[in-house]
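Note that the structure is a prediction, hence the values are computed from the model and not measured. Within every chain, numbering begins at 1; the chains are lettered A, B, ... in the order of the sequence lines, protein sequences first and strands thereafter.
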Amino acid sequence: MIAELLAGLVFIPLGATLLVLLLPRQARGYLCFTAVLALPLCLMPLTQAVWADGEITLALAEFTPPLGIVWRLDGLALIMLWLTAIVAVPVSLHALTSFPPGEQTGRGFWPLWLMLLAGINALFLSADLFNLYVTLEMITLAGVAMLGIGGNALALKAAMRYLLLGLLASLLYLLAVGLIYGQTGALDIYLVGERLETDRLAATALVLMITGLLVKSAIFPMHVWLPAAHGNAPGPVSAILSGLVVKVSLYMLIRIWFWMAGDWELPAAATALGLLGAGAILYGSLAALIQPRLKMVIAYSTVAQLGYVMLLFPLASINAFHAASYQLLAHGLAKAAMFLAAANILWSIGTDRLHALTDLNRKLPVDLFALALAAVSIMGLPPSGGFLAKWLLLEAAWQQGAWGWLILISIGSLLSAAYLFRVIALTCFHPERRHVPTRWQSPPSSASIAALVLALLAIAAGFTSAPILGLIDDSLPPGGIWP
Amino acid sequence: MTTEWLPLAMVLVSLIAGVIIFLLGEQRQLARTLLNLGAALVKLALVAFLSMLVVTDRAPEFRLALLPGLDLVLRADALSLLFTTLSAVLWLITTVYAIAYLERSENRARFFGFFSICVASTMGIAMAGNLFTFFIFYELLTLATWPLVAHSGSRAAILGARTYLRYTLGGSAVFLVGLIWLYGLAGSRDFIAGGQLDEIGIAQHLDLQIIFVMLVIGMGVKAALVPLHSWLPKAMVAPAPVSALLHAVAVVKAGAFGLVRLVEDVYGPELVAELGMNHLLAVAAAVTIIYGSVMALRQTDIKRRLAFSTVSQVSYIALGIAVGGVMATTGGMVHLVHQGLMKITLFFCAGIFATVLGVKCIDQLDGLGRRMPWTTLSFTIAGLGMIGLPPMAGFVSKYYLGAGAIAVGAWWVIPVLIASTLLNAAYFLPLIKRMWMHPEPGEWPHPVNLSRMETGGLVIPTVMTAIISVLTGLFAAHPLSPLSWVMGIVTEYFP
Amino acid sequence: MTEILFVLAASVVFGIGVWGLLIAEHLLRKLLALNVMSSSVFIIMLVVAGGGPDGPDPVAQALILTGIVIAVAATAFALALMVSIYRKTGRASITEKGDDDR
Amino acid sequence: MDTAHLVDLLLAVGMVVLALQVVSERAVLRSIILFVVFGLVMALAWTRLQAPDLALAEAAIGAGVTGALMMMAWRRLLIINPDQPADTPRGRSRVAVPVALLAAALVATIGLSALNIDPHANGAGLIALDELTDTSLGNPVTGVLLLFRNLDTLLEMAVLLIALLGARAVSTPAHPNEAAVVETSAPLVGALLAILVPLSILIATHLLLAGTNEPGGAFQAGAVLAAGGVALVLTARLQPGERPGVVTQLAVTAGLLAFVGIGVGIMAFGEKLLVLPGTWAIYVIETAMMVSIGLTLALLFAGAPALVGRPK
């Protein structure tokens, strides 16, 4: 039964893509949405199984490592899968109206979206370095393609930049995989972790891998592609890219660092990664503060928020692990909500320039409410998932006496408050410049509800820590965590 | 019958009311009014019921684990009931006033929605059973108050709101770091009368001192301790009911209440004295008292004068708990109630002056007594109370403060009190004199014709709070008075 | 000997690819540089994996084969994207300032 | 120095020189042509490394298909705007040279140090050769691709499909000039096609069948099949269509459909996920994959969602 459910996570969306391409247009919408709804249904029994028996492994085609590929479902992977499923449902609900399955753009969107879901799920399940490469390519190509739907020139150029850097990053990663395979004769992360000797070759491979993944995750200063891509993508695609796609490579980075290179002691490298995170927090926040467009603010906010996850590497304790996972989860929910709300605003008034956003509290109360709730979580104000993440991170920093990181986190959250309150203030209280929108159409109510649901979930994440943290506790790296 | 949910219900009543008000939209005025008043009445009933439980020693407690070892605790004890009662009563009165005050303005749904959430967070602050819970609602309060300050949407309002945010968020960042530090040292502890940190060794006393300062900074921002006060006068651009709420019940009081919790229930007066932190707090409070009064004297705008008066008066609370001893602590804590009653009256009056006649500056007050006798009378009563004239409520507070200071040998408090009283008189008496003695001007700045409903809605709450403030002073010895209540609480701290 | 020669050549080709990717303005040339780079990566992967008397490591060969197909898929998609950009903007490059504005 | 090493040296030098020219050549078209030559040199290098599967793949896919795709894209650009200014590399990025040198040095160091490493005793490659004896397959690469690590191959087909879907999704309305395809009605072309297309099908089928025991397989076969399709597109015997029909969609997805159908459907019979039930399944899957790869590449080449026959 378990194997069927695991297969379902990948092959339901994949199979649905194939069916969507073959079926007549009337049936498409329902089919796609049903396929997305099936994901949380698959995850529920799997969660119970992981709770009861711990990690689940499945050797594909009955070949075990080093030859075969193994799927491993532990707590961390489960959390990421849940994030994917939970974000996917409202985003799909939104996409049903913004990309109607029968129309030209929808025909482009839905198969790619389902393929992307299949790729993301396959990546979270996979414990094989090369299989991770293939899934990562699936995700990158599908993500870039979705970004270009609609043919906006800015979006197309951003897509190209994203694609070129993404392919370069993939090559670096692939080269590293080749080197590691040469040394260990294995590709399974756990097995490689056991066999890898810490010589120059392995160190270089690790550097190549990390560099590639940092580019894919848009960690400062390799973030250059992200703001334009996330800021110009069509509505739900921004939510998908910011909520899910960047998390994927960050997750891989965590896996490789702690699971594959878990018993190397690399405090200097860890500090360097943390400093990149610090750069991301400061630069992303300051850049968000001066952006003229709502979606660009949110995009730069993603650059900043991902920086918090990087603090896991220098802090490297159980608390930091909790914090980073929670940050991935809470940020995914809140950021998807923000981008959906921004998409609705853009749809309604035809622009997302901040100075044009007046009186939204009366025109688009639900969307503005969703935006504000999500902002609460991003700023790390209680009660919200973002707050718990920040609390855990501060606690982790305190326990190690890492006052520098502690101050950084505080400053970062103040900066995030600065740029988000700026947005909300402009949308509600706008004294002199009463902007009369050139066009107005109210967004479909399901689109607004989708944004609101995600925002409420981001807040609700502030009350459901026990099961989530429990899952993480059960899936700590085999070599332990070292600072 | 289980009563655990009662503290939660106290918070949720206003929170849900707020959300429903948002959803009702701008036009459903009657439904909104009924909901507002209904929720306020329900809350009063809950407070009454809770008081009964607390008196009979069956105080309920609601507990929810947010993180392992980190609980959200809401519970009713004597101190929290003091604050909730004050908030609940004043909320009801302010709601009546606000409905009348905002009769003709726009964005009322937003206003009343955040107004309710603001009260909900005040309830949460009052009922918080540990510092973590306190912090959560403290932040929620910041969030809910910000749109109220910016409500009018004018440039000044937005700037005022921005200043408010900068101060409060900066303060809460410091608060959060202090909180993390404290929890790292001592773990999560519930509030206990007399403190919870006794067993922490002498080696950690420096840590405790730094943490104390950080937490005081966090709370001092809202309590408007000098030099963290300057957001308060700028926030005066908010509508009058908001100012009233801000100064009397919600924000400033939340900061002062937090200081009380910090000194009495987290560190405990003994430890605070041992760490030498009481002197620090007392000096900060004394400086604030004098500075606020002097600044108030220099203001020509009525609301700004009242704002600086708040800066000064709220610090009596901090001064009381810092000086310590049964009497002084009682004086400080009872001022929580007394100052609230008097200050809300004053702001109601200022709001009436501004809306009905357009009077905003002190030199426009001439002859108001004849035009609006009831409002002017209320203003006079509250103003005299602030000065500390017997038998007003303010006198009771000041008397206990002074006597308490002498009892513990803190003689230096007396000159501070005297100076402050003189300054109070100097900035209130000229106003009162102008209103009653000076002749009416030929023309008021912006006279408005109000309907009977509106006039009643504005004046009746004002008169009521004025009367209550007199009664609390007159019947201070009655067993149900705030003073007796506070005495009961304080005797637990100083057995 | 063969291996050493090829590894050296592939390393230089890798460097040339990086250089080309960074300096080229035309998107086609950037893509050519990427493809040149990927070829060099494949050579190194195969050489590093070693092998036995029957030829190089079969798993490495399979990985490279997969890599080649993925590279061609990505290239084909990138070319389609480039043509779309060209149709929209009349340029086959993405180096422009002011992209953040709308 | 014997002949073999001389050839190696020539190949190595050729690779470097060609790569340098591909990147630095003034005219883009010459770059593309040189890239194809580079691909052929690479193919020779693979044979020298005793990897004939890769040599075939490099020649057919790396050089052939990629070169054709590049060429077609270049041609489109020219059709859209014939006055395309020549592109010359300029020192745009000051970091380019240092980064490139660093990269080359890095790669050379690690590559050379890796040469000293013996193949791992428990390495996947040796185990694959062991496992192969239990199967009816003779080509270990095909074994890895379709039996031992078939999830990679399945997802790789997904990548190919995503590329096609993505190319469809990002396509903007075509320029009017683009529709004008060179119409060649010369009898010689017809005769050439009459030979070329059946030949490509024949070679593809051979590569497919040979792939189980000898070098070759679905990918190489698909690329050769695509070459036939490309010839038909170039001579306008097949023309870009607007909407893909069911047959096109079915052919494009056939590889994945067969793979998923068998690999996942097998679970209904109590087998484990992706266990293939026998050699026949491998043939079915490879055939379907070949069709999908061939058509997908041809469609990507034509830059269109579908291909239709020449209107009569």
Here the gap from Arg149(D) atom CZ to Asp128(A) atom CG, rounded to the nearest 0.5 Å, amounts to 4.0 Å
Would you compute the distance between atom CE of Met115(A) and atom CD1 of Ile162(D) and round it to the nearest 0.5 angstrom? 5.0 Å
Specify which of [options] makes the most heavy-atom pairs with chain A at under 4.5 Å.
| options | result |
| --- | --- |
| Ile127(D), Thr172(D), Leu273(D), Leu256(D) | Leu273(D) |
| Glu156(D), Lys272(D), Glu271(D), Arg243(D) | Arg243(D) |
| Asn150(D), Leu160(D), Leu257(D) | Leu257(D) |
| Val246(D), Leu161(D), Val144(D) | Leu161(D) |
| Val252(D), Leu151(D), Val159(D), Val260(D) | Leu151(D) |

Tell me, for [X] versus chain D, whether the close heavy atoms (under 4.5 Å) come from the side chain, the backbone, both or neither.
| X | answer |
| --- | --- |
| Ala122(A) | side chain |
| Leu60(A) | both |
| Leu208(A) | side chain |

If you take all heavy atoms of [X] and [Y], which pair is closest and at what distance?
| X | Y | value |
| --- | --- | --- |
| Met138(A) | Ala158(D) | CE-CB, 3.7 Å |
| Tyr181(A) | Ala124(D) | OH-CB, 3.6 Å |
| Pro111(A) | Leu165(D) | CB-CD1, 3.8 Å |
| Ala169(D) | Ala145(A) | CB-O, 4.5 Å |

Would Leu21(A) and Leu250(D) satisfy side chain to side chain contact (heavy atoms under 4.5 Å, CB included), going step by step from the backbone distance to the final call? CA-CA 8 Å; Leu21(A) 292 176; Leu250(D) 201 60; over 6 Å; no
For the candidates [options], which exhibits the highest count of non-hydrogen atom pairs separated by less than 4.5 Å from chain D?
| options | result |
| --- | --- |
| Ile139(A), Leu187(A), Leu116(A) | Leu187(A) |
| Thr184(A), Leu175(A), Thr204(A), Leu23(A) | Thr184(A) |
| Val144(A), Leu58(A), Leu141(A) | Leu141(A) |
| Leu179(A), Thr17(A), Leu18(A) | Leu18(A) |
| Arg195(A), Met146(A), Arg200(A) | Arg195(A) |

Any Leu14(A) side-chain heavy atom under 4.5 Å of Leu154(D) side chain: yes
Pairwise side-chain contact, Asn131(A) with Leu155(D), heavy-atom cut-off 4.5 Å (strictly under): yes
